[in-house]
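Chain identifiers are assigned alphabetically (A, B, ...) following the order of the sequence lines, protein sequences preceding nucleic acid strands; residue numbering begins at 1 within each chain. FYI, side chains are in, hydrogens and waters are out, and symmetry mates aren't considered; it's all heavy atoms of this structure.
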Amino acid sequence: MKNNLIVLLGPTGVGKTELSIELAERIGSEIISADSRQFYRELSIGTAVPSDDQLRRVKHHFIRFISINEYYSSSIFERDVLELLPALFKKRNIVIMSGGSCMYIDAVCNGIDNIPDTDPEIRQKYIRLYDEEGIAGLRVALKLLDPVHYSRVDLKNHKRIIRALEICETTGMPYSSFLKKEKNEREFEIIKIGLRRDRDDLYGRINRRVDEMIEMGLESEARSLYSSRDLNALNTVGYRELFSYFGGSVTRDKAIELIKRNSRRYSKRQMTWWAKDDSISWFHPSEKEKILEIITHL
RNA sequence: GGUGCCAUAGCUCAGUCGGUAGAGCAACGGACUGAAAAUCCGUGUGUCCCCGGUUCGAUUCCUGGUGGCACCA
C-alpha cells in the first residue's frame, strides 16, 4: 500500500484549519502544520493556531514547538518532516499536511538543494556591510565572489544577495554552484489540494478575523513580546504593526487597519506563488465531500 | 431664502494662462532554493458633477442646473 501526503494549502484566512481537522477525523490521520508562524510557542492569537479543542480532536505536529529565540528554516523543516513521516505512515498510509507557508511546503514536496550551514557571524558581517554601504556594497562583493549568481539574482533585494554572499564566504565556492534546482524524489505520493475563495469573500474573512484577534487579546499578546520585537520571528503580520503602535508611530486604529491590509497582501502573495503550480487541484472550502472523495479513493 | 467657496482616480487633493490630466495613500500584477506571515520589483485604474454656450478645440472660460460646505438671514 503506497503512502500519501495530502498537502492542504491555501491563503491565510481561507479556512484550512477547520477543514483539515474534519478531513483528518474522517480518515483517521494526523496533521502536520506547514505554517511557519504557528511553529512558535510564544505566539497564538496572532497566528491563528488551532484552538485547544481543535488540537484535542486531531493530533497535530509542528504546532508551537520552538521558541521565537531559536533559528529555524524551511530546510530544517524539510528534514524534520521527512524524519517524522515514516512513523506516521506506519499508523496510517495517509497524512495531511496543512498550511500556507509556500516555501516550507515546497521544501517538503520538492526538497531544497543541499547547502552547508553558515556561521551567523558571517551574515552579521554582510548586514553591517549593507547598513554601511547599501545595496551597492553588496553588489560589488557578489560580483566578485559569484558572477553567475550576480547575473541572475534580484540585485535590489538585499536579503537575496546577503544569503548568496554568506554561502560564498562560508564555503569558498560560488553560491550558484550549489543550486541544482532538481526536484528530489519522495518515497510517498504527494497530492496537493488548494483551497480558494472569491477575493471579496476572502478579504472579508481576513478583515473579520483580524477584528476577532483583537477581541481575543492580540494587543496584550503583542505587548508581552514587545521587548523581543527585533527577533525575526516577530517580523510578522499582526505583531509588527502593534509594535509600531506601542512605539508611538501609528495610532491603534491605524495599526489594526495595517494588520488587515498586510494580511490581504500576504494572501495575494501566496496565491501568486501557487498560481504557477499546476499540480494543485483547487476547491472551495465548502467542497469537503469532493475532497474526501479524492482522498478516500487513493 | 441670500451671498460666497467647492465638485478631478477607490480616498485626500494638485493641475491645465484652453490642446482629454498627476501625487500620496489604497488597489492591482509579478519574482521567490536554508530570515519567507520575510524581502524585492512593476502598473494609473479617470464621463475631470450634469445640460447648454463661446472656440478649430472646453476638465479649464461663460449661462443655467444638481450636490456639498461656510457665512448672512
Side-chain angles (χ1 to χ4, degrees), chain A residues 9-14 16 33-40 43 45-49 66 68-80 99-120 122-124 126-127 130 135 138-139 149 152-167 170-171 175-184 199-200 203 206-207 209-210 213 218 230-242 250 254 257-277:
Chain A
L9 55 85
T12 188
V14 78
K16 295 183 294 291
S33 169
D35 259 303
S36 68
R37 297 298 133 131
Q38 295 185 356
F39 294 168
Y40 297 106
L43 314 183
I45 297 172
T47 54
V49 285
I66 51 173
I68 54 174
N69 296 295
E70 288 176 60
Y71 175 78
Y72 203 71
S73 71
S74 55
S75 174
I76 303 174
F77 183 66
E78 173 189 2
R79 185 202 66 202
D80 286 352
S101 297
C102 304
M103 192 175 180
Y104 285 68
I105 292 170
D106 272 8
V108 171
C109 295
N110 307 322
I112 288 184
D113 287 317
N114 207 24
I115 299 171
D117 291 335
T118 58
D119 182 345
I122 295 177
R123 177 175 293 183
Q124 282 309 317
Y126 285 109
I127 289 174
Y130 177 57
I135 197 84
L138 295 178
R139 286 180 192 166
H149 196 61
R152 295 180 189 151
V153 74
D154 177 355
L155 288 170
K156 292 182 175 170
N157 192 326
H158 66 278
K159 288 200 178 187
R160 296 282 156 67
I161 302 181
I162 290 173
R163 169 69 186 151
L165 286 171
E166 67 187 18
I167 297 301
T170 300
T171 64
Y175 174 63
S176 53
S177 67
F178 293 98
L179 300 180
K180 311 250 183 334
K181 300 210 174 217
E182 282 168 4
K183 235 176 134 170
N184 291 337
R199 183 163 299 187
D200 288 350
Y203 284 7
I206 288 172
N207 294 340
R209 189 170 74 165
V210 171
M213 286 176 176
L218 178 59
D230 292 331
L231 292 175
N232 177 64
L234 291 175
N235 185 193
T236 296
V237 177
Y239 297 90
R240 63 204 301 212
E241 296 85 355
L242 286 171
V250 300
K254 182 66 179 174
E257 204 179 302
L258 288 173
I259 294 173
K260 291 175 182 175
R261 184 199 70 183
N262 292 339
S263 297
R264 280 184 248 123
R265 288 180 173 175
Y266 173 51
S267 75
K268 166 57 181 150
R269 266 179 275 132
Q270 291 172 298
M271 292 306 292
T272 298
W273 181 294
W274 292 316
K276 63 195 169 206
D277 185 346

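Nucleotide C69(B) is matched to G4(B) when pairs are restricted to Watson-Crick or G-U wobble geometry with both distances under 3.5 angstrom. Judged by Watson-Crick or G-U wobble contacts below 3.5 Å, the nucleotide A37(B) has no partner. When both distances must be under 3.5 Å, the Watson-Crick or G-U wobble mate of G22(B) is C13(B). G42(B) and C28(B) make up a base pair, with Watson-Crick or G-U wobble contacts both under 3.5 Å. Under the Watson-Crick or G-U wobble criterion, with both distances below 3.5 Å, U55(B) is left unpaired in every strand shown.
If you check every strand for non-hydrogen atoms under 4.0 Å, N184(A) touches nothing. Using a 4.0 Å heavy-atom criterion, one finds that T236(A) contacts the bases of the nucleic acid, with or without backbone contacts as well. Residue contacts for R269(A): at a heavy-atom cut-off of 4.0 Å it reaches a base atom on one of the strands shown. Using a 4.0 Å heavy-atom criterion, one finds that D113(A) contacts the bases of the nucleic acid, with or without backbone contacts as well. At a threshold of 4.0 angstrom between heavy atoms, the contacts of S263(A) with the nucleic acid are absent. Contacts of Y71(A) with the nucleic acid, taken as non-hydrogen atoms under 4.0 Å apart, involve only primed sugar atoms and P, OP1 or OP2. Within 4.0 Å of K183(A), counting heavy atoms only, lies no atom of the nucleic acid at all. Across all strands shown, F39(A) has no heavy atoms under 4.0 Å from either base or sugar-phosphate atoms. When heavy atoms are screened at a 4.0 angstrom cut-off, R79(A) is found touching no nucleic acid atom at all.
Relative to the side chain of R240(A), the nucleotides C40(B), A27(B), A38(B) differ in distance, and A38(B) lies closest. Among C32(B), C40(B), A37(B), the nucleotide with an atom closest to any side-chain atom of K156(A) is C40(B). Taking the side chain of R199(A) as heavy atoms from C-beta on, and the options U33(B), G29(B), A38(B), the nearest nucleotide is G29(B). Among the nucleotides G30(B), A35(B), U33(B), the one closest to any side-chain atom of K268(A) is G30(B). The side chain of H158(A) lies closest to C40(B) when the candidates are A37(B), C32(B), C40(B).
Under a cutoff of 6.0 Å and an axis angle of 45°, K276(A) and W274(A) do not form a cation-pi pair.
Side-chain N/O atoms of R160(A) include none lying less than 4.0 angstrom from OP1 or OP2 on A36(B). The shortest distance between the side-chain N/O atoms of S36(A) and the OP1/OP2 oxygens of A36(B) is not below 4.0 Å.
Spacing between atom OH of Y266(A) and atom P of C40(B) amounts to 17 Å, rounded to whole angstrom units. Distance NZ (K16(A)) to P (A37(B)): 11 Å, rounded to an integer number of Å. When the P atom of A36(B) is taken as reference, atom CD1 of I68(A) falls 13 Å away, rounded to whole Å. Between the OH atom of Y40(A) and the C1' atom of A38(B) there is a distance of 11 Å, given to the nearest Å.
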Are N207(A) and R264(A) close enough, and set up right, to give a side-chain contact (heavy atoms from CB on, under 4.5 Å), and what steps lead you there? CA-CA 8 Å; N207(A) 294 340; R264(A) 280 184 248 123; 3.2 Å; yes

What's the verdict on side-chain contact (heavy atoms from CB on, under 4.5 Å) for L155(A) and I135(A), showing C-alpha distance, side-chain angles and the deciding distance? CA-CA 8 Å; L155(A) 288 170; I135(A) 197 84; over 6 Å; no

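The residue among L258(A) and G46(A) whose nearest nucleotide of RNA chain B lies closer to the 5′ end is L258(A). Nearest-nucleotide mapping onto RNA chain B: of K254(A) and Y104(A), the residue sitting toward the 5' end is K254(A).
You won't find any donor-acceptor pair under 3.5 Å spanning the side chain of R152(A) and the base of A31(B), going by distance alone.
Ring centroids of Y104(A) and F39(A) are separated by less than 6.0 Å, placing the two rings close together.
Looking at R209(A) and S263(A), their side chains never bring a donor and an acceptor atom within 3.5 Å of each other.
Between I115(A) and F178(A), the shortest heavy-atom distance links the atoms CG1-CB, 3.7 Å.
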